[in-house]
Number of protein chains: 2
Amino acid sequence: MRTDTNEIYVDLQRKLVTAQLEPGTKLKPNDLQGEYGCSSNTVRDVLLRLSKVGLVEFEMQRGFRAKASTPEMRRDVTKFRILIEQEGAALSMKNGGVQWEAKLSAAHHQLSHIETQIERTNDVLRYMDLWSDAEENFHETLISGCESPLLRETYSNVYAQFRQQMISQERNFGSNYFRSIIIEHQAILDAALDRDVEACRQSIYDHLKRNL
Amino acid sequence: MRTDTNEIYVDLQRKLVTAQLEPGTKLKPNDLQGEYGCSSNTVRDVLLRLSKVGLVEFEMQRGFRAKASTPEMRRDVTKFRILIEQEGAALSMKNGGVQWEAKLSAAHHQLSHIETQIERTNDVLRYMDLWSDAEENFHETLISGCESPLLRETYSNVYAQFRQQMISQERNFGSNYFRSIIIEHQAILDAALDRDVEACRQSIYDHLKRNL
DNA sequence: ATTTCTAAAAATTTCAACTTTTTGTTTGGC
DNA sequence: GCCAAACAAAAAGTTGAAATTTTTAGAAAT
């Protein structure tokens with residue numbers, strides 16, 4: 001009846017990027033242990049692994065806490081995400097083949113479908129999880145042709161941290177917001193498929209600059 | 001009489017970046033436990049923390065191994081290091097004050113002193129540890145004015161991985177080698193102090209391109 | 001000879017008790 | 001009344017062993 005360790009990892013990860021565990025919260029293995037019906041040591045293991053992604057801060061003899069969120073950190077993670085995503089996209093445009101174009105096109109189609117639904121129904125909550133996955137998938141697909149495992153892994157971490165930092169901020173989730181990002185995602189896709197590196201860099205910047 | 005956990009971390013880290021633990025080696029907590037007079041679980045903790053830096057690979061239910069080294073990975077880590085270092089240096093040149101210039105100048109002075117010694121005496125081994133520290137310090141100081149904790153942390157990890165990947169390769173440690181890098185480090189310093197972003201980007205590239 | 005299956009061995013992960021360190025509170029001195 | 005030392009409570013880290021999983025190796029079957 002024990003929860004699989006990997007499920008604990010995934011569950012904690014989700015709680016961290018959705019701010020169910022708010023930034024700065026102390027994460028005590030002993031408290032969390034109860035939730036999952038495992039020993040505190042197992043939780044400790046999971047938290048160490050989450051600290052690799054940057055969602056959790058670890059300090060020797062002082063335990064763990066959900067990574068803090070400050071205006072400076074939010075600007076930092078945004079700047080860094082822009083850098084990595086621009087570079088990854090540029091490399092993808094250089095190296096990517098038709099297959100990359102196809103995958104990107106598909107990812108965008110799916111994302112854009114969900115975003116249109118949200119805009120029409122104005123029911124953000126209902127589609128939030130779906131949208132989250134699709135957004136991440138689109139951005140990761142964008143850089144997926146870069147042929148650099150290190151860059152991709154770094155991006156994946158930065159994206160997670162970005163979510164974590166911003167989620168508590170984004171109270172601007174009206175349908176206006178989605179009208180904007182529909183256009184922004186489209187601009188990124190168009191530039192990418194055109195292999196217009198400068199336009200793509202610009203549209204990535206435009207997409208994220210509200211967080212600077 | 002127990003070894004402090006942090007010492008275990010530092011010791012393993014050193015063995016990893018110096019290839020005393022060769023890339024790809026399986027790292028079994030049970031084997032290493034003996035070396036340090038602690039339980040295997042403590043070693044496990046340390047290895048999880050080292051996997052955050054990217055020196056150790058971890059796979060669930062399959063344990064740990066020193067990160068592998070292949071030509072592709074060496075190229076990847078080099079490309080990525082160039083990217084991060086160029087960007088960090090550019091930002092430092094933009095944001096850095098006199099203090100940054102002073103620290104950079106000092107770091108270079110120290111490094112250049114050691115490199116001159118090595119070139120004269122041709123006794124690489126004797127100065128290797130000193131040189132390693134000075135080289136890392138110079139490059140980290142170069143980007144230290146970038147005002148982005150994330151970029152600095154990423155660089156620190158990438159630098160460590162770079163070392164790990166290259167150490168087994170660099171059999172080109174003759175005095176020719178040091179003659180070259182003395183010039184290269186000087187070029188980086190000069191460009192940085194001149195705040196000539198393009199020249200600095202170029203000299204960073206020139207410094208690392210041999211590994212591409 | 002190659003593949004598949006099974007049993008033993010080895011390695012990894014989990015656990016709950018124990019030790020150390022940190023944190024917070026109370027008490028006593030100034 | 002304020003600071004500091006001592007104490008108590010809580011949290012973090014460590015341990016050795018048990019439980020689980022993966023790997024290895026040998027036997028049986030195709």
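Per chain, numbering begins at 1; letters A, B, ... match sequence-line order. Not measured: the values here are computed from a predicted model.
In this structure, A/N6 atom CG and C/dT12 atom C1' are separated by 15 Å, rounded to whole Å. Taking atom CD of B/E59 as the reference point, atom C1' of D/dT22 lies 12 Å away to the nearest angstrom. Atom CD of A/Q33 is separated from atom C1' of C/dT13 by 16 Å (rounded to the nearest Å). As rounded to whole Å, 14 Å separates atom C1' of C/dA10 from atom CD of B/Q61. Here D/dA9 presents its P atom at 17 Å from CG of A/N30, a figure rounded to the nearest Å. Between B/F58 atom CZ and D/dT22 atom C1' the separation is 14 Å, expressed in whole Å. Per the geometry, CD belonging to B/E7 stands 12 Å off P belonging to D/dT14, to the nearest Å. Atom-to-atom, CE of B/M60 to P of D/dT21 comes out at 10 Å; the value is rounded to the nearest Å.
Comparing A/T42 and A/R62 along DNA chain C, the residue whose closest nucleotide (by nearest heavy atom) sits nearer the 5' end is A/T42. When each of A/S40 and B/K28 is assigned the nucleotide of DNA chain C bearing its nearest heavy atom, the one mapping closer to the 5' terminus is B/K28.
Using a cutoff of 4.0 Å between basic side-chain nitrogens and carboxylate oxygens, B/R210 and B/E184 are scored as salt-bridged.
Heavy atoms of A/N41 sit under 4.0 angstrom from at least one base atom.
For the pair B/R44 and C/dA11, the criterion of a side-chain N or O lying under 4.0 Å from OP1 or OP2 is not met. A sub-4.0 Å separation between OP1 or OP2 of C/dT12 and a side-chain N or O of B/K26 is present.
Ring orientation note: the planes of A/H185 and A/F138 are nearly perpendicular, at an angle over 60° on the 30°/60° scale. The aromatic rings of B/H109 and B/H113 sit parallel, their planes meeting at an angle under 30°, below the 60° perpendicular limit.
Side-chain atoms of B/R49 and B/N6, non-hydrogen and from C-beta on, do get closer than 4.5 Å to each other.
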